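The block underneath contains the structure these notes are about, expressed in structure tokens.
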Amino acid sequence: MDSNDRPAGRVLRIEAETERGHLVLKALASEPRVNILRHLRDRVCNMGEIGEALQMPPSTITLHIGLLEDAGLVKVELRPAVRGLQKMIARVYDVIQVMLPRGEEAGNEQWVDISIPIGGYSDCRVSPTCGLAGEDGIIGFFDDPTSFFEPDRLQAQLIWFHHGFVEYRLPNRLPPKATPESLNLSLEICSEAPLHHEDWPSDITLWINGVEIGTWTCPADFGGQRGVLTPKWWEDWNSQYGLLKVWQVTKEGSYIDGRRLSNVVLPDLQLGKSDGLIEVRIGVKEDATHVGGINIFGRKFGNYPQDILMRIRYEPF
């Protein structure tokens with residue numbers, strides 16, 4: 001497995017200038033709160049246990065936990081105790097990546113974001129093993145490709161298949177006469193093995209507007225540790241989480257997580273074509289070197305609270 005593709009624990013990626021970014025940075029700008037996160041690195045504790053370990057009074061612990069919870073850095077659950085209920089606290093992330101403002105070199109650059117529910121595909125062709133899962137249960141039937149046309153597919157939070165593709169058709173919301181500078185697509189994905197498997201490579205390919213952007217080889221179908229967002233009803237031995245991958249197409253070429261992937265450039269995508277749509281296809285080719293399937297995770301499954309996110313940066317007219 002490439003060291004760049006090893007799961008770095010549970011990762012949160014934020015942009016410093018967003019509201020979520022402000023909350024996270026504020027929560028981390030405190031030595032007591034950092035100490036709380038360090039204490040929770042490998043354990044779940046109640047308020048009293050944290051206060052005793054860090055020698056903080058209950059009122060102080062309550063204040064700090066509240067700020068960490070607002071930032072989404074800890075999860076607080078009520079569990080039965082000897083007398084009533086007690087709050088149990090768990091750390092959510094192990095790594096936080098902060099995307100800093102790009103500064104003056106970005107000029108007048110702006111962007112449009114489109115969040116795509118993973119079940120909102122407009123076309124698909126999949127082969128077993130395959131299926132869809134929502135927040136509360138299986139959608140349709142296991143290993144039945146016709147289940148991918150269930151009306152409830154829009155509620156899917158996990159979809160998987162051995163080979164084939166899912167395709168999304170999205171409205172192009174670039175302002176008139178705007179000049180696109182880059183297109184980013186991020187999603188949480190991994191291979192698809194029976195149950196899960198730490199050595200299960202799969203060649204996962206992305207196409208935009210019919211143009212093949214490039215193929216990334218996922219090293220594994222990750223399990224053995226529950227995903228942060230994975231629902232409790234989902235069995236422990238199944239796929240649990242993926243890796244958050246970011247494809248980028250610029251005027252210079254195409255990249256994945258900053259590493260050059262192909263020579264496809266932004267003009268090749270013809271983003272200004274007349275029908276006003278952008279087609280995004282994700283899949284595994286039947287004749288790929290590694291046909292190891294694909295899992296695609298939604299915002300309520302896996303480790304990352306997002307659906308498929310497309311961002312187009314542009315210079316306004």
Side-chain angles (χ1 to χ4, degrees), residues 1 5-13 37 39-46 49 69 72-81 85-95 117-119 126 128-144 147-148 150 152-153 155-162 187-202 204 218-245 284 290 292-308:
M1 184 188 300
D5 289 329
R6 292 182 185 275
R10 297 158 293 185
V11 182
L12 171 65
R13 180 177 295 176
L37 291 172
H39 183 71
L40 294 172
R41 66 189 181 277
D42 56 2
R43 57 174 69 92
V44 178
C45 301
N46 62 35
E49 291 168 338
E69 186 179 17
L73 300 181
V74 299
K75 183 190 299 185
V76 179
E77 291 186 356
L78 291 175
R79 296 184 183 176
L85 299 173
Q86 63 177 339
K87 289 184 177 180
M88 300 300 296
I89 299 93
R91 192 171 87 177
V92 177
Y93 299 103
D94 301 313
V95 177
I118 66 169
V126 302
T129 56
C130 62
L132 305 91
E135 188 177 5
D136 301 316
I138 296 297
I139 297 172
F141 301 96
F142 282 113
D143 295 338
D144 179 3
S147 293
F148 276 67
E150 292 278 355
D152 287 346
R153 66 183 173 82
Q155 308 304 319
Q157 297 297 325
L158 174 65
I159 60 179
W160 68 93
F161 51 89
H162 181 254
L187 66 159
E188 182 177 356
I189 53 177
C190 72
S191 307
E192 163 54 18
L195 306 182
H196 69 269
H197 202 294
E198 64 180 10
D199 183 15
W200 196 270
S202 187
I204 298 172
C218 181
D221 180 354
F222 300 106
Q225 174 182 324
R226 289 198 67 81
V228 173
L229 304 167
T230 300
K232 293 180 179 179
W233 67 267
W234 186 251
E235 295 89 344
D236 290 345
W237 53 81
N238 279 330
S239 310
Q240 291 293 325
Y241 59 91
L243 299 174
L244 186 65
K245 307 302 293 185
V284 177
H290 304 101
I294 184 171
N295 281 281
I296 304 177
F297 297 81
R299 60 189 174 88
K300 295 182 179 179
F301 230 105
N303 278 352
Y304 300 91
Q306 70 162 69
D307 295 311
I308 300 171

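Quantities reported herein were computed from a predicted structural model and do not represent experimental measurements.
Every residue meeting the side chain to side chain contact (heavy atoms under 4.5 Å, CB included) condition with R43, not counting sequence neighbours, appears here in chain and number order: H39, R41, C45. In this structure, R153 has no salt bridge (charged side-chain N to carboxylate O under 4.0 Å, His left out) partners at least two apart in sequence or on a different chain. In terms of the side chain to side chain contact (heavy atoms under 4.5 Å, CB included) criterion, residue partners of S191 (sequence neighbours excluded) are, by chain and number, W200, S202, C218, D221. With sequence neighbours left out, T230 forms a side chain to side chain contact (heavy atoms under 4.5 Å, CB included) with R226, W234, Q240, F301. For the salt bridge (charged side-chain N to carboxylate O under 4.0 Å, His left out) test, no residue two or more places apart in sequence or in another chain qualifies with E150. A search for side chain to side chain donor-acceptor pair (under 3.5 Å) contacts involving D152 returns nothing, not counting sequence neighbours.
Tested against V92 for a side-chain contact (heavy atoms from CB on, under 4.5 Å), the candidates V228, L37, N303 yield a single pass: V228.
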### Task
Could you go through the side chain to side chain contact (heavy atoms under 4.5 Å, CB included) check for I189 and N295 one step at a time?
CA-CA 5 Å; I189 53 177; N295 281 281; over 6 Å; no
### Query
What do the steps show when you test D307 against R299 for side chain to side chain contact (heavy atoms under 4.5 Å, CB included), and what is the final call?
CA-CA 5 Å; D307 295 311; R299 60 189 174 88; 3.3 Å; yes
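Judged by distance alone, with hydrogens and angles left aside, the side-chain atoms of H196 form a donor-acceptor pair with the main-chain N or O of W237 at under 3.5 Å. H290 places no side-chain N or O within donor-acceptor distance of the main-chain N or O of G292, the cut-off being under 3.5 Å. Looking only at distances, no side-chain donor or acceptor of E188 sits under 3.5 Å from a matching main-chain atom of I296. With E77 contributing its side chain and K87 its backbone, the two residues share no donor-acceptor pair below 3.5 Å. A donor-acceptor contact shorter than 3.5 Å is absent between the side chain of S147 and the backbone of G131.
The shortest non-hydrogen separation linking A133 to I138 is CB-CD1, 4.1 Å. Contact between K300 and Q157 at its shortest, heavy atoms only, is N-OE1, 3.0 Å.
Between F297 atom CZ and I294 atom CD1 the span is 10.0 Å, to the nearest 0.5 Å. Atom-to-atom distance recorded for L40:CG and L73:CG is 11.0 Å, nearest 0.5 angstrom. N238 contributes atom CG, which lies 8.5 Å from atom CD of E192 (distance to the nearest 0.5 angstrom). Between L12 atom CG and Q306 atom CD the span is 10.0 Å, to the nearest 0.5 Å. Note that the CG atom of L158 and the OG atom of S239 stand 7.0 Å from one another [nearest 0.5 Å]. Atom CD of Q155 and atom CG of L132 lie 11.5 Å apart (nearest 0.5 Å).
Side-chain contact check for V44 versus I89: every heavy-atom pair is 4.5 Å or farther apart. C190 places none of its side-chain heavy atoms less than 4.5 Å from the side chain of L243.
Taking the six-membered ring where the residue is Trp, Y241 and F222 present parallel rings, their angle staying beneath 30° rather than reaching 60°.
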